[in-house]
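Fair warning: this is a prediction, and the values are worked out from it, not measured in the lab.
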Amino acid sequence: MIYIIQNYWQAFLYSDGYNMTGLAMTLWLLVISCAIGFCMAVPLAVARNARNPLIWGPVWFYTFIFRGSPLYVQLLVIYTGVYSLDVVQHNALLNAFFRQGIDCTILAFALNTGAYTTEIFAGAIKDTSFGEVDAGRSLGMSRVTLYRRIILPSALRRALPVYSNEVILMLHSTTLAFTATVPDILKVANDANSATYNSFAAFGLAALIYLCVSFTLIYGFRRAERHFLAFLQP
Amino acid sequence: MKKLSGACLAALSVFAAAMPLAAGAKTLTEIKFGVDATYPPFESLSPSGKFEGFDIDLGRAICADLKVKCVFVSQGFDGIIPALQARKFDAILSSMTVTPQRAQQIDFSSEMYNEPTSLIAKKGSGLKPTAASLKGKTVGVEAGTIQESYAKTYWQPYGVKVVSYPGQDQVYADLLSGRLDASLQDSVEADYGFLKTPKGADYTLAGNVTYDPKDVLGSYIAIGIRKDEPALKAKIDKAIATIIKNGTYKKIEAKYFNFNVYGPSPTK
């Protein structure tokens with residue numbers, strides 16, 4: 001245990017001397033994929049609730065694909081499958097992008113969490129109480145203003161508890177990153193395990209780090225809920 | 001009651017019969033080898049489920065020399081040292097390279113064979129397994145192998161991009177897709193696992209690694225034995241020496257390889 005901590009603490013936390021590894025890599029993957037996913041999800045959730053099937057259809061299809069298949073398979077398709085296509089290999093820009101394992105990982109993670117987040121937000125928008133919308137309309141708000149000032153703020157707040165769950169699940173999903181050669185916490189734990197054969201200590205440490213991150217996230221979201229959802233308190 | 005006492009008596013007598021064996025421990029009747037049978041041509045399972053391969057044949061030759069029974073036990077490589085220490089078997093026979101870290105945990109027999117580490121690259125790339133030649137290139141290795149340690153120790157500090165993969169198959173896949181310029185693995189694995197397959201037609205052995213002042217690659221491949229059993233180690237060492245001397249080793253070697261797998265005279 002002490003040997004592992006002495007030799008791998010740096011790799012577990014931020015770097016193996018050349019690349020970002022461990023906790024820093026895991027957090028980076030989590031933050032960037034959740035950020036991209038969130039930015040995609042807000043407009044897509046609005047589109048998902050549109051009346052025109054040409055608008056909600058493609059969004060439904062996208063969330064269906066990415067919620068209907070395992071993230072591991074999506075990662076393999078994007079990392080291994082897409083790069084083996086001739087179109088990608090012969091296009092300089094696509095080649096440069098898909099060549100890097102980390103780009104493929106972030107793309108897969110962002111698309112995946114984007115799909116779930118879209119459905120979460122779409123559900124919250126659908127659940128907006130009729131009175132709020134009516135009140136907005138009675139003040140002569142246009143559709144855009146209505147969304148911007150009434151529906152979205154209210155829906156995003158009410159979606160917060162479910163969304164926090166999605167973020168924590170995403171943290172757990174980052175353990176798949178090494179499939180695309182991205183050295184996250186689990187990869188360092190695997191290294192420590194194969195160097196020392198002290199499996200309990202190696203994976204125990206990894207679990208401990210994930211627990212700390214989870215607890216921090218839970219605490220942060222709890223605070224945010226108390227702040228943003230104060231209006232729902234009895 | 002009678003039945004019970006009879007059973008007790010039987011149990012006692014069995015116990016008594018076992019006693020001298022346990023106390024003596026020197027009368028070796030069988031050796032149980034732990035094997036990770038996923039690594040042809042060294043050890044694998046035949047379609048009918050029998051252990052086969054170079055290591056297995058050597059193990060059988062050692063057992064025959066010691067006139068004991070050979071038993072092979074399947075065990076994944078990850079947990080093979082803990083399993084040895086938990087006495088699930090008596091020795092590890094699974095292409096295990098002797099490294100200082102492993103030697104802290106268990107003892108090793110004398111050399112069984114030696115696999116050089118080699119670099120694979122596309123034909124005509126002109127790459128050599130040196131930091132100078134690979135500068136700016138991307139080299140793939142399997143995580144947890146001595147080749148990964150080697151590339152990270154000698155090459156990464158000099159501007160070679162070293163990428164670790166969860167498995168050797170993925171290394172080859174990315175070598176084929178063009179993400180990697182070269183890959184580093186042991187030579188027999190490279191030959192059997194890739195170069196001799198149709199996919200490896202455009203690739204070639206770019207050379208063996210020779211520079212290793214820090215002894216990252218370890219020395220040779222040997223049988224792993226628990227530290228508290230020097231008697232077994234002595235017997236296995238003697239048996240290895242015998243089969244090398246009497247030509248059994250050469251015969252088995254010829255069955256699998258067309259080169260001298262024992263390598264030059266052992267360095268240690």
Worksheet item: Could you state the interatomic distance from OG1 (A:T80) to CG (B:L176), rounded to the nearest 0.5 Å?
Response: 12.0 Å

Discussion item. Return the NZ to OH distance between B:K161 and A:Y18, rounded to the nearest 0.5 Å.
Written reply: 14.5 Å

Worksheet item: Between B:E148 and chain A, which part of the residue has a heavy atom less than 4.5 Å away: side chain, backbone, both or neither?
Response: side chain

Worksheet entry | Toward chain A, the part of B:P82 with a non-hydrogen atom under 4.5 Å | side chain

Discussion item. Is the shortest side-chain heavy-atom distance between A:Y79 and B:D174 below 4.5 Å?
Written reply: yes

Minimum heavy-atom distance [X]-[Y], with the two atoms named:
{"X": "B:G178", "Y": "A:R99", "answer": "O-NH1, 2.8 Å"}
{"X": "A:D191", "Y": "B:A143", "answer": "OD1-CB, 4.3 Å"}
{"X": "B:S177", "Y": "A:Q89", "answer": "O-NE2, 2.8 Å"}
{"X": "B:R179", "Y": "A:F98", "answer": "NH2-O, 2.8 Å"}

For [X], does the [atom1] atom have more than 12 heavy-atom neighbours from other residues, nucleotides or ligands under 6.0 Å away?
{"X": "B:K227", "atom1": "NZ", "result": "yes"}
{"X": "A:K126", "atom1": "NZ", "result": "no"}
{"X": "A:I2", "atom1": "CD1", "result": "no"}

Worksheet item: Tell me, side chain or backbone of A:T181 under 4.5 Å from chain B's heavy atoms, or both, or neither?
Response: both

Fill in: Side chain, backbone, both or neither of A:N95 within contact of chain B (heavy atoms, under 4.5 Å)
neither

Item to complete: List the steps, then state whether side chain to side chain contact (heavy atoms under 4.5 Å, CB included) holds for B:Q156 with A:N19.
Response: CA-CA 10 Å; B:Q156 204 166 32; A:N19 301 307; 3.6 Å; yes

